[in-house]
Each structure stands twice: as C-alpha cells, then as structure tokens.
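Working notes, beginning with the structure itself.
Protein chains get the first letters and strands the later ones, always in sequence-line order, with residue 1 at the start of each.
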Amino acid sequence: MPELPEVDAVRRQLAPVMRGARFDRVLVRRKDLRRPFPKHFSDRLKGRTVRNVTRRGKYLLADLSSDETLLMHLGMSGSFAVARRHGSSRSSNSAGPHDHVVFGMSSGATITYNDPRRFGVMDLVPTRSLDHHLSRIGPEPLSSEFNAASLAKACAGRRTSLKAALLDQRVVAGLGNIYASEALHLARLSPRRPASTLATPSGEPRESARRLAAAIKTVLRRAIERSTARAYRTSRFRVYDRAEEGCQTPRCPGTIRRITQAGRSTFYCPVCQK
DNA sequence: ATTGAGACCTGTCGGC
DNA sequence: TGCCGACAGGTCTCAA
C-alpha cells in the first residue's frame, strides 16, 4: 500500500505510540530486508527516545534522542501493526510469517513490521546528515517548492515519457504507479507524451505543467483525506485498474486502456488525455 | 548522463 | 484440486 498518501497514513498510525516513547525491546528476526540492517541496529535503538515521526517522500523518519534518525521505507508490501499494552493481539513471541522487526515501546505499544516481499528498508543515519541521505529526492508535492515551474524544469530536455518522469523520485517525491496514472488523467495529459513537452525550449512551464502540478496536488490531497476519513473500503481509483471501463471525465465517451511503460502498467483514456 | 530491462522477493488470481 | 504464468502500490544495478 505504499505511495505518499499511504505512507503518511502509516506515519499518523505510528506517531501517537512512538513520539515521546523509548525503545524498550527491539527484535530483528532476520539479517536483511532489501538491504542488510545497519550494524548494531537493536543496540542503537534501545533506550533511545523518539522525538518525532515525519515523512519525506515515501520514507518514514523517526528522529531519535541519540541524534540519529531511523529511516524506514515500506517497499511494495511493508506494513506496521500496533498493539497497545503488552501485545494484546500480536506479541513478539507469536510472530507471523513475515514479521521481521518488533519494537517494544515504553508507551506500552508493540509495533510489528511485516513485509512479505522484503523490498522495504530500515536504516539508521546521523540526523545531521539526513539531508545528504535524502538529497536525491525531489520536492514534496504538497509543498510550495513543488509547482508548475519546478515540475517543468525537472522535465525539461528529458526524452522519457511523462509517466516515467512522474515515477522518478527526483522529479517529485512520493508518486507511485497509481497516483501517477491518476494525476495524468485528472490533468488530461497522455502518459505517453514526452516529458520535455511540459516546458518551453527555455525551460518555462507550459499550460500543461500547470495542470499537471495542480492535478498531482489534488489527487494526493484527496487520497490523504480519504485515508483520514477512513469511511471507505478499498475505494477504487478513476483510472487505475479500470481497463475497458468508461472514462469518468465528464462527457468523455472514452474507454480506459492499459498499456505498459517502463515495465509498469499505465491506465489512461486515449480520448481525453492528450 | 539517460534510459529501459532485469533483478530482488512472496503472494494471489485466473486459466487450463 | 493442482499447477503455471502473469501480475502486484518500489527501487537498485547494469548495459546500451
């Protein structure tokens, strides 16, 4: 479940039980996920207090009293389960098949990281050098740093498709395969259009860049609201996974198509997305 | 320097 | 029912 809105939901899930709490127990049940766990991972966490839990792109960041930051990425299949008080539902002794890490917090919460595909990452870096570690990630889409101008500039001169450019975390942080398709649909821009067409030859943003930057913000905001309201069940998307269904753009007679770009599925309407 | 393909893993689903 | 391939919301590495 992990693009920006879902990662942010996880942040809101973890913050109340981690912030101000100490790591009492840290159980690491294998030596690696996508990468090895850092040296002395448990010992560097135990006894430390979490100052805050934040998010940057698809990374979760726990700021520790040791002036290190615990950096977590969910990959494709990572998730956290929180059990208040000493493991009402799932304690460290009764670990499920893909429960790889268990944090016992002084707040009384047991936090279990589960990740079947193990594409996730946990790392520990000096907080001072956090910027350096995240320096390759582009602007936060919901910040004012990200706008038509910055988007056009990041796409200027690129030969790749618009869809592929949106998946590049250096262009904008936090978009994944679903919300890239959703944003392009809302902006009525074809995913196959060359990314370079967002900018004039001198790098100035075109109208398309304005529409796309705005659509990215709208799509992500809506998704975050939905996950907050949580009045939805697997509420589906406008185009993602809707091949052969009717386009939802008002008065558009088109049919959603599925194509493959850079090895990933893209869903779009060939009629209204130009 | 970019770009696309392949690799990393396990689970699920549809077709035969 | 069981097997098999295709596919999954992410990124990294590598060859062109």
Whole-angstrom distance between C:dT11 and B:dT12, as gauged at atom P: 23 Å

Choosing from B:dG4, C:dC7, C:dG10, which nucleotide comes nearest the side chain of A:S265? C:dC7

Which Ile, Leu, Val, Met, Phe, Trp or Tyr residues join A:I259 in one cluster when any pair of side-chain heavy atoms under 4.5 Å counts as a link? A:Y268

With a 3.5 Å cut-off and no angle check, do the side chains of A:R84 and A:S107 form a donor-acceptor pair? no

Please determine if a side-chain N or O atom of A:R264 lies less than 4.0 Å away from the OP1 or OP2 oxygen of C:dG9. yes

Out of C:dA8, B:dG4, C:dT11, minimum distance to the side chain of A:R258 belongs to C:dA8

Quick one, which residues of residues 170-181 of chain A touch DNA chain C with a heavy atom under 4.0 Å? A:G176, A:N177, A:I178

By the rule that ILVMFWY residues connect when side-chain heavy atoms come within less than 4.5 angstrom, directly or transitively, which residues belong alongside A:L61? A:Y59, A:L71, A:V125, A:L130, A:L134, A:I137

Sequence neighbours excluded, which residues qualify as salt bridge (Lys or Arg N to Asp or Glu O under 4.0 Å) partners of A:R238? none

Which residues pass the salt bridge (Lys or Arg N to Asp or Glu O under 4.0 Å) test with A:D24, sequence neighbours left out? A:R22

Sequence-distant partners of A:R30, side chain to side chain contact (heavy atoms under 4.5 Å, CB included), two or more places apart: A:D32, A:H100, A:R118

As a test of your reading of the structure, name each stem of DNA chain C as range with range, where a stem is three or more consecutive Watson-Crick or G-U pairs at under 3.5 Å. B:2-8 with C:10-16, B:10-16 with C:2-8

Sequence-distant partners of A:E207, salt bridge (Lys or Arg N to Asp or Glu O under 4.0 Å), two or more places apart: none

Under the rule for side chain to side chain contact (heavy atoms under 4.5 Å, CB included), what residues qualify as partners of A:A15, not counting sequence neighbours? A:R19, A:V53

Can you sort out the partners of A:Q169 under side chain to side chain contact (heavy atoms under 4.5 Å, CB included), two or more places apart, ordered by chain and number? A:K58

Checking side-chain polar atoms at under 3.5 Å, does A:T127 have a donor or acceptor matched by the opposite partner on A:T69? yes

Could you give the NZ-to-C1' distance, from A:K58 to C:dC12, as a whole number of Å? 13 Å

Sequence-aligned protein contact record of nucleotides 8-15 of chain B, with B where the base is within under 4.0 Å of a protein heavy atom and S where only the sugar-phosphate is: BBBS----

Restricting to ring pair (Phe, Tyr, Trp, His ring centres under 6.0 Å), what partner residues turn up for A:Y113, sequence neighbours left out? A:F80

